[in-house]
Amino acid sequence: MDKDIDESLICKICGGRLIGDPERGEAFCEACGYILDEHIIDPGPEWKAFDIEDKEKRVRVGSPITPTLHDYGIGSEIDYTQDSTESVGNKYDALRIWQKRLRTSSPAERSLAYALSTINNLCSSLKMPSVVAETASRIYRQLQKKGIVKSRSVSKVTAAIVYLSAKIHEVERSAKEVSEAAGIEVKALNKYYRMIASEASVDHLPLPTVEKHIARLANIMKLSPKTERLALQIFKATKSISIHDGKSPNGLAAACIYIASVINSENLPQREVALAADITEVTVRHRYKEILDNYVIRQKLKPQRSVNNRDAN
DNA sequence: CATTCGTGAAGACGAAT
DNA sequence: ATTCGATTTCACGAATG
């Protein structure tokens, strides 16, 4: 049964047999106890570059690092068994102590570890892609360095950071959703969000989001592609005039969808779009009335009647 | 009956003072 | 810090089909 042992299953130190799976870094030598690698190596892609920053930062070495762990997942401890019998053993004892201190003993590190696990929990309960948690973790580190998080509620700070991170990655959730998942007040979330958004060095929040709201709402209420396209069309057509200023993007998106559904005779109840957009029917009514008051919606059955753009400038 | 529409009062928020 | 204006929400009733 030894014949199917290949080269990689031989211990490089003593020539003994390796137990386990060396491909995943989980193997150790039967004879001398040598551990091939103490890390579990993800055999998948070593890193994913979501943006330029990631491309610069990630190196093609070692197990994938992640900002979501307080030591970036690269923590290791100096083995007690190795070298401890040599004359320099005391040196290693000292190193071991220092390493322990650096890893978990400083208050900053401890709170960081706690905050990052809070972030991870929040992101997973909101079903967000892992990149959101990673960005959130990076932001948290930034703010901790600047002393922003000191003496502030961890749950509120982390919630606000996740909220911001979701915006950055264009998987925005409503303030209500995030605050519920974090177990804090919506008002507190917004307060901390404002503070954090101004402190964190986030270059550009991705553009205004009415179009994205339409796409998101269309997605969650399973709108027909036809209606979604029409809703977008309506928004673009009405965008130029002043009626959109200062209105909530949600309301605009909901109104466009509602109008589109009526035109396509899908006739969604206002209640449904309002519910999906997390606003009230009244707001939907206001927006859609404004749009109808200012624009003539051309019936598609009689396209020859009206002209395309009555409002050139 | 369900849905839609209109309205005043009230809360929340941002801008201006 | 307070005031003011606009927006959104709530609560209600009426109109529509």
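A note on names: the letters A, B, ... follow the listed sequences, proteins ahead of strands, and every chain is numbered from 1.
dG5(C) atom C1' lies 13 Å from atom NZ of Lys247(A), rounded to whole Å. The nearest whole Å value for the distance from the CZ atom in Arg287(A) to the P atom in dT7(C) is 7 Å. Taking atom CG of residue Asp278(A) and atom C1' of nucleotide dT8(C), one finds them 13 Å apart after rounding to whole Å. With rounding to whole Å, Asn250(A) atom CG is found 16 Å from dT7(C) atom P.
Pair assignment for dT17(B) gives dA1(C), based on Watson-Crick or G-U wobble hydrogen-bonding distances that are each under 3.5 Å. As the counterpart of dC10(C), dG8(B) is assigned, both hydrogen-bonding distances of the Watson-Crick or G-U wobble pattern falling under 3.5 Å. Look at dG17(C): its Watson-Crick or wobble partner, with both distances under 3.5 angstrom, is dC1(B).
At a threshold of 4.5 Å between non-hydrogen side-chain atoms, the residues Lys176(A) and Leu189(A) do not count as touching. You'll find the side chain of Tyr258(A) reaches within 4.5 Å of the side chain of Gln270(A), heavy atoms only. In this structure, Val273(A) and Leu217(A) have side chains that are not in contact, with every pair of non-hydrogen atoms separated by 4.5 Å or more.
A side-chain N or O of Ser224(A) and one of Glu266(A) form a donor-acceptor pair less than 3.5 Å apart. Judged purely by distance below 3.5 Å, without hydrogens or angles, the side chains of Ser137(A) and Glu134(A) never pair a donor atom with an acceptor atom.
For the atom pair CD1 (Ile119(A)) and OG (Ser124(A)), the distance works out to 12.0 Å, reported to the nearest 0.5 Å.
Cation-pi check for Lys167(A) over Tyr193(A) is met; the charged atom lies under 6.0 angstrom from the ring centroid and within 45 degrees of its normal.
A side-chain donor-acceptor contact under 3.5 Å links Ser261(A) to the backbone of Leu268(A).
Residue pairs meeting the side-chain hydrogen bond (donor to acceptor under 3.5 Å, both in side chains) criterion with at least one member in residues 152-161 of chain A, sequence neighbours excluded: Ser153(A)-Ser155(A).
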- prompt: Quick one: what's the B/S/- string for nucleotides 4-9 of chain B, heavy-atom cutoff under 4.0 Å, read 5' to 3'?
  reply: SBB---

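An OP1 or OP2 oxygen of dT7(C) is reached within less than 4.0 angstrom by no side-chain nitrogen or oxygen of Thr283(A).
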Dump every N/O contact between nucleotides 13-17 of chain C and the protein below 3.5 Å, one line per pair.
none

